[in-house]
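Report on one structure; see the data block that follows.
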Amino acid sequence: MQLRYNYRAYPDATQRSALARAFGCARVVWNDCLRDRKEAHAAGLPYVKSAELSRLRITQAKHTEERAWLADVSAVVLQQSLRDLDTAYKNFFDSLTGKRQGRKVGPPRYKSKKDTRQSIRLNTNAFSLKDNGTVYVAKVGNLKVKWSRRLPAAPTSLTVTKDSCGRYFLSFVVDTDPDILPEREADAGLDLGLSAFAVLSDGRKIDSPRFLRRAEKKLKRLQRELSRKAKGSKNRAKARIKVARQHAKVAGRRRDWHHKVSTQIIRDNHAVYVEDLAVSGLGRTRLAKSVHDAGWSAFVGMLEYKAVKHGRTFAKVNRAFPSSQVCSACGFRDGPKPLHVREWTCGECGTVHDRDHNAARNVLFEGRRIVAAGRAETLNASWSAGKTRTKVPAQRSEAGSPRTGQPTQAGIPGL
């Protein structure tokens with residue numbers, strides 16, 4: 001399976017300039033190749049092949065006056081940018097034909113230098129781990145890295161990213177074997193909500209930390225200061241970075257909390273079942289801020305890939321399943337209820353139910369039924385889970401790269 005490991009990098013002034021050139025060159029190659037394909041499509045011409053684009057927009061472009069600066073960065077950066085464009089087109093075509101499951105994927109779009117996130121991707125030909133703990137990147141130099149944990153194996157690709165508040169990160173993709181945990185007899189159904197972040201089928205409640213709500217007062221002040229700065233001024237750029245840093249802190253706290261809670265749930269239960277919520281739809285209602293503050297999609301994604309990693313069973317219950325309308329004691333469907341009704345009595349058996357606990361129990365029963373019927377929406381519901389090279393759902397998608405070139409070390413040198 002493929003896993004991603006992110007580390008904070010601290011480039012110096014010269015290295016930041018080199019990375020800025022690399023970001024810009026990768027963006028220009030992407031935009032040039034995308035423009036050629038769009039113009040060919042508009043003119044009714046055949047789809048332009050990658051080999052032709054590589055020859056025109058990379059090899060020959062370096063010898064022209066207006067694109068001579070493409071030679072200042074590693075050729076791997078430019079080739080990987082074209083390869084990522086091919087992947088974006090493939091995802092778009094697969095979505096149109098139905099080969100790609102899930103939400104529809106739109107066609108690739110142009111990139112801008114004003115985008116909040118800039119990135120380049122490298123294969124093993126253009127980076128290597130050094131004995132002193134630095135990471136060498138071609139035509140950039142040895143980057144100082146804050147190693148928070150060891151790499152379990154040699155990385156196959158590296159993505160260098162600059163976020164909206166000016167921080168740099170190195171993201172390594174590693175091929176590794178599943179880490180199968182000891183079997184547990186318990187299984188759990190989860191009902192995600194806003195008053196409580198999650199209610200488990202055994203009655204436990206996980207309170208919602210509301211990281212955005214807690215930081216809202218400071219964010220309002222910083223946003224007010226930003227709105228008072230003149231557009232295009234240096235003070236406005238400084239104020240924008242302050243706002244971005246505060247949002248990054250909120251996102252980091254939420255992500256760290258999600259990882260801790262999801263890991264604990266996966267460790268304690270052999271099977272986990274959750275409801276497939278329509279988060280994008282709820283994000284357009286009056287509860288949008290609270291829905292996005294909870295981060296349900298990211299949390300469910302963590303549960304899914306950690307279940308595959310640790311040999312657990314994971315299944316999603318269809319969002320149309322009436323988990324809040326059915327009595328978990330007798331199975332009687334008591335009808336829909338407004339959101340303010342948090343406790344109700346079954347009209348058939350007289351059992352008094354907590355709304356969220358009852359829904360979690362129904363999700364558990366429906367999840368067991370789905371797995372028993374062999375229709376689980378999970379990648380490891382088969383008997384061979386954890387015994388084969390199962391594709392683990394990554395937190396972020398990235399196109400693969402061939403394992404050729406310079407060998408790299410597993411782990412962190414010097415530690």
Side-chain angles (χ1 to χ4, degrees), residues 2 4 17-100 102-127 137-140 155-162 170-173 394 396-406:
Q2 285 189 334
R4 183 185 302 279
S17 299
L19 287 173
R21 287 194 298 270
F23 295 149
C25 291
R27 182 178 63 250
V28 167
V29 169
W30 172 286
N31 290 342
D32 287 347
C33 297
L34 178 58
R35 186 180 302 108
D36 288 347
R37 283 179 173 169
K38 285 192 172 184
E39 291 176 354
H41 177 71
L45 299 176
Y47 182 80
V48 185
K49 300 296 184 181
S50 300
E52 181 68 15
L53 290 176
S54 177
R55 182 179 63 83
L56 291 176
R57 294 304 180 183
I58 298 179
T59 305
Q60 294 183 3
K62 293 179 181 179
H63 301 288
T64 61
E65 184 177 354
E66 61 273 11
R67 292 285 189 266
W69 32 265
L70 290 177
D72 296 338
V73 302
S74 172
V76 175
V77 172
L78 309 181
Q79 293 291 344
Q80 293 297 327
S81 181
L82 176 56
R83 186 171 296 176
D84 290 342
L85 179 62
D86 293 338
T87 303
Y89 265 109
K90 183 180 183 301
N91 293 337
F92 171 58
F93 294 143
D94 289 347
S95 181
L96 287 179
T97 58
K99 293 181 181 179
R100 181 184 176 91
R103 298 177 61 183
K104 293 296 183 181
V105 177
R109 297 181 294 180
Y110 292 110
K111 294 184 178 181
S112 171
K113 66 171 65 176
K114 296 182 180 180
D115 290 341
T116 57
R117 182 180 180 274
Q118 302 286 342
S119 65
I120 57 173
R121 195 164 62 87
L122 310 164
N123 59 21
T124 52
N125 291 324
F127 78 94
V137 177
K139 293 196 176 183
V140 174
T156 60
S157 72
L158 167 65
T159 303
V160 184
T161 305
K162 179 185 178 184
L170 303 184
S171 176
F172 297 94
V173 175
R396 303 185 189 92
S397 61
E398 178 179 341
S401 56
R403 298 192 62 177
T404 57
Q406 304 175 11

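Expressed to the nearest 0.5 Å, how far CD1 of I120 lies from NZ of K162 amounts to 12.5 Å. In this structure, T97 OG1 and F92 CZ are separated by 10.0 Å, a value rounded to the nearest 0.5 Å. If you take CZ on R57 and CG on L82, they are separated by 11.5 Å, rounding to the nearest 0.5 Å.
Listed by chain and residue number, D86 satisfy the salt bridge (charged side-chain N to carboxylate O under 4.0 Å, His left out) test with R37 (two or more places apart in sequence, or in another chain). With sequence neighbours excluded, no residue forms a side-chain hydrogen bond (donor to acceptor under 3.5 Å, both in side chains) with S74. Partners of F23 under the ring-ring contact (aromatic ring centres under 6.0 Å, His included) rule, at least two apart in sequence or in another chain, do not exist in this structure. Remark: E52 pairs with R55 by the salt bridge (charged side-chain N to carboxylate O under 4.0 Å, His left out) rule, at least two apart or across chains. Applying the salt bridge (charged side-chain N to carboxylate O under 4.0 Å, His left out) rule to K139 yields no partners; only residues at least two apart in sequence or on another chain are considered. Residues forming a side-chain contact (heavy atoms from CB on, under 4.5 Å) with A68 (at least two apart in sequence, or on another chain): none.
The aromatic rings of F127 and F172 sit tilted relative to each other, their planes meeting at an angle between 30° and 60°.
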Would you be so kind as to tabulate the donor-acceptor pairs closer than 3.5 Å made by side chains of residues 103-115, with sequence neighbours excluded?
residue	atom	partner	partner atom	Å
K104	NZ	S95	O	2.9
S112	OG	K114	N	3.1
D115	OD2	S112	N	3.0

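Sequence neighbours left out, the pairs with a member in residues 59-72 that pass side-chain hydrogen bond (donor to acceptor under 3.5 Å, both in side chains) are D32-R67.
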Test side-chain contact (heavy atoms from CB on, under 4.5 Å) applied to N91 and T87, step by step | CA-CA 6 Å; N91 293 337; T87 303; 3.9 Å; yes
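Under the side chain to side chain contact (heavy atoms under 4.5 Å, CB included) test applied with L122, the options L170, V137, V140, T159 reduce to a single match, V137.
With hydrogens and angles ignored, the 3.5 Å screen pairs no side-chain donor or acceptor of S54 with any backbone N or O of S50.
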